[in-house]
Structures are given as C-alpha cells and as structure tokens.
S.K.: 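One structure, pasted below without further comment.
Only heavy atoms go into these numbers, but all of them, side chains included; no hydrogens, no water, no symmetry mates.
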Amino acid sequence: MSMCILYLSQLIPYPIDAGPKVRSYHVLQYLAQTGYEVTLVAFRRESDGETAVSHLHQFCTAIHTAPMRRSPLKDGWHLGRSLLTNQPFLIARDSVAAMHHLIKRLVQEHSFDAIHADQLWMAQYALAAWEANNGRFSPTLILDQHNAVYLIPQRLAQSTGNFAKKWLLKREASVLQRYEQAVCQQFDHVVWVTEEDREAVFGNQSSVFSKQLAVNSGETRHSVIPICVDVAEKQVVERRPNAHRVTFLGGLHWPPNAEGIVWFAQEVWPQVIAQCPNACLTIIGKNPPAELATSHQPPTTIDITGYVTDLEPYLQETAVFIVPLHAGGGMRVKILDAWSWGLPIVSTTIGAEGICYEDGADMLLADEADTFAQAVVSLLQDSDWAAAVGRNGRLTVETHYDWRKIYPAWDAVNTHQHIKPQTAS
C-alpha cells in the first residue's frame, strides 16, 4: 500500500514563481512520481486562481484550502497580541481559525502515515493535527525548514536606522529563535535546505540534540536536502549580442529583496552607470518599494517592470544577474534559476549563503558597494568572461540542484519512525 501524506503548505505552490513555491512544487512532484498519496492543505490568497489549484491535482489525491486575508489592521492586532503573549508575530499572524478547523476535520475523517509541515509557519498546524488525531493513528511528523527564520528579522535589524523598527525586529528575532528551537524538537524529522540554517538554529547544541534524538529514534532526525529546480525544464537562454540589462528578479514584498535592491540602486548603480552608460538596471518583481523612485538616477537607466509573466525577453537582454541581499535565510532560488538560464551572477555573501559555488568561476561575490559595482562592470565589459561564468553556473546547477537527482532523499524522511511530540517550552 502507498503511504498517505497530509501536506500542509503556507501557500499554493503554483505557478512556481517564488522560492518557497519551487521547493514545495518539486517535492509534491517527486512524491506523486514515487507513488505517495498526498492530501494538500494550503492557504489560498485572493490572487490564487482555479488554474493553480487544478494544476496541482496531477500530484495530489485531494486539495483543500483555507482563505488567507491580511490587512494592516489585522497585522496591528497580531503585533499587539505578540507583544502581550511573547509569541512571534510571524507565527501569530498565520494562526487562522478556519485552517485549524479544516485540519482537525481531515485528521478525524482520514488516516495519514505522515504529516508534512512545509515551512515553520505550518508547524503549529501539524502539531495540532497530531493532537486532534486522538491516537487513532501514529503519523510521522515532518518539518521542512526552508529558512532559519529568525535570521531574517535579525539581519534586517542590523541594517535599519529606525530605532523603533530595529527594536521590534530584534525582539521578533529573539522570540522567534526560541520558538524555532522548541518547535523543531517536537518533530520526528526536520529537513533543512542548508547546513548553515541547521547550525544557526541549534548552534553548538546541535550535536547534543542529535545524540538525544538518536537515543529516542535510533537515528538522527536532522537532514539537509537543498532546494532544487527542474534543470531539464529551464533551458539556457539565447542572449542577444547587445545584452545590456543588469537584472534583479524577486518579489519585492519580501523585505530582504526590497532592502537589497534599494541599496543596489542607491549605492552601487551610480558607480556602474558612470563606467557603462548604456547599461540598464532592470528590476522585476511585484510591489517595488517607493524608495526606488528616489534613487536620483536618469530614468532611462532604470526599468522597473513590476511582476512579469514572460521573462524571456528580459533574460535575452540580460548581461549580468544580481543578488544584492544583506538579509535572509535558506537558499536564494533566484541563483539556481539564473544558473539554469546560463546567466553570469554577482551576489553578496549572504545572497549566496548555503549554495555550492566557486567565487570567480560560477559566480562573483562582493559585499561592499564599490566592489559589487566593479564586479558588475567587469562582466559588462568582458562578454567572453561573462559567458564562461554563465556556463560554469549551468554545470553547477546540473550537478548539485536537479530535483530528479537529489529528491530521492525524501524517501528516508517519509519512512522515519514516529516519536510522540513533547510540549513546546
């Protein structure tokens, strides 16, 4: 008999236009291909159409959704509740009664061999599902940690000059770190996308936890399975001879992306355009921050597109792909995408964190504005070197980040022996 998995997702993972969606989509694809019966439960936003849900039926036996509706007023209420209860704001915001009711009903009506929480936000629902099951069956509890989540507010706090914002971010990071450690210990198996994230959450205690878990379960319950892409699906882009775009791609509603591209536009781009006046900074992603409009650069040198459904025309004109991030956790899937397209990349160290790379061969690293600018200029002015960096990047993603090669590792996770969760502290 095939295993039945209850897969809990914070979003509907289609279309695969963001890092978390890439991870979830290809995991579901692998599970379906291997014969698992998956019931997908996901939050549904107003922008999620029927096409997205119907597309995923090819991987899932059943799909259930609960509405996700956010607003500044609700966020303010959740922030107040977070301050009073010492619960992380990011977790309190996503505690939705409709989702709790839906999951409770499903586990009371069906038996599942495993409950898979995709991202820390869904951990509370996996633990609630185990409790609502009332011992009828004994599912394996799996948590897929896309990020060491507390690192995101912690790193954002380091770069902001606003005192109130800095205090809130530092507090959120501290509360979130404790929550993250406690919750991870309640799962039978925790999967990390990078070793750096696992070490960031547990630090020097990680080996102690592993030894304790080995006593309880016969083996460690920590694994590292990187985010992977469909290398066969993403082909190398045929770039035009006059490629002149310096391209950033990413959802700008996510603070690390917004902060990073504003820094690049204000601190790095003036140095680039002084040496390469024909270059065009191309910023692709929904909800571009207002600060981009005040970068004081000639309008002809910056192209802010918003969300784009067809990337091909922009990629064909891309000479350099940039990842100017100074905050975040997990992996930047935009790097895997750019490698797949054969584009040369300049990234910060944090932007490339957790990814297998060779500086100067398949990617260029720079953390300061002047060195970042010079790296971009060097690729703009030397097309042969830029092409070689792009080819090396394609080889790296083919070798290390093809989901068809890497994701059989999920079999050992899904068959992990169950341990009853302890109460979070």
S.K.: Indicate yes or no: does Arg391 engage Asp362 in a salt bridge with an N to O separation below 4.0 Å.
M.R.: no
S.K.: Mind checking whether Phe372 and Trp269 have ring centres under 6.0 Å apart?
M.R.: no
S.K.: Per the side chain to side chain contact (heavy atoms under 4.5 Å, CB included) rule, which among Leu141, Leu127, Leu143 passes with Gln186?
M.R.: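 Result: among Leu141, Leu127, Leu143, Leu127 is the only option passing the side chain to side chain contact (heavy atoms under 4.5 Å, CB included) with Gln186.
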S.K.: Measuring from atom NE2 of His78 to atom CG of Leu90, what distance do you get when rounded to the nearest 0.5 angstrom?
M.R.: 11.5 Å
S.K.: Under 4.0 Å between a side-chain nitrogen and a carboxylate oxygen: does that hold for Arg155 and Glu259?
M.R.: no
S.K.: Less than 3.5 Å apart, any donor N or O on the side chain of Ser174 or Arg178 sitting next to an acceptor on the other?
M.R.: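 Note: Ser174 and Arg178 side chains meet the donor-acceptor criterion.
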S.K.: Is it true that the side chains of Gln316 and Arg239 contain a donor and an acceptor less than 3.5 Å apart?
M.R.: no
S.K.: Do NZ/NE/NH1/NH2 and the carboxylate oxygens of Asp230 and Arg404 come within less than 4.0 Å?
M.R.: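 Looking at Asp230 and Arg404, the cut-off is met.
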S.K.: Assess, by modelled atom type and distance only, whether the side chains of Asp367 and Thr348 contain a donor and an acceptor separated by less than 3.5 Å.
M.R.: no
S.K.: In plain terms, say whether Lys234 and Asp337 are close enough for a salt bridge, that is, a side-chain N and a carboxylate O under 4.0 Å apart.
M.R.: yes
S.K.: Counting only heavy atoms not in Arg69, do more than 12 sit closer than 6.0 Å to its CZ atom?
M.R.: no
S.K.: Can you establish whether the number of heavy atoms outside Glu46 located under 6.0 Å from its atom CD is more than 12?
M.R.: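 No, the 6.0 Å shell around CD holds no more than 12 heavy atoms from other groups.
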S.K.: Side-chain contact, heavy-atom cut-off 4.5 Å: Pro324 with Phe248?
M.R.: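 Pro324 vs Phe248: side chains touch.
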S.K.: Report yes if the side chains of Ser347 and Leu365 come closer than 4.5 Å at any heavy-atom pair, otherwise no.
M.R.: yes
S.K.: Is the distance between the ring centroids of Tyr25 and Phe59 under 6.0 Å?
M.R.: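 Close enough - the centres of the two rings lie under 6.0 Å apart.
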S.K.: For the residue pair Tyr125 and His100, categorise the inter-ring angle as parallel (less than 30°), tilted (30 to 60°) or perpendicular (more than 60°).
M.R.: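 Tilted, since the angle between the ring planes falls between 30° and 60°.
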S.K.: Report yes if the distance between the aromatic ring centroids of Trp410 and His116 is under 6.0 Å, otherwise no.
M.R.: yes
S.K.: Under a plain distance cut-off of 3.5 Å, with no hydrogens placed, do Tyr30 and Asp411 share a side-chain donor-acceptor pair?
M.R.: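 Judged by distance alone, the side chains do pair up.
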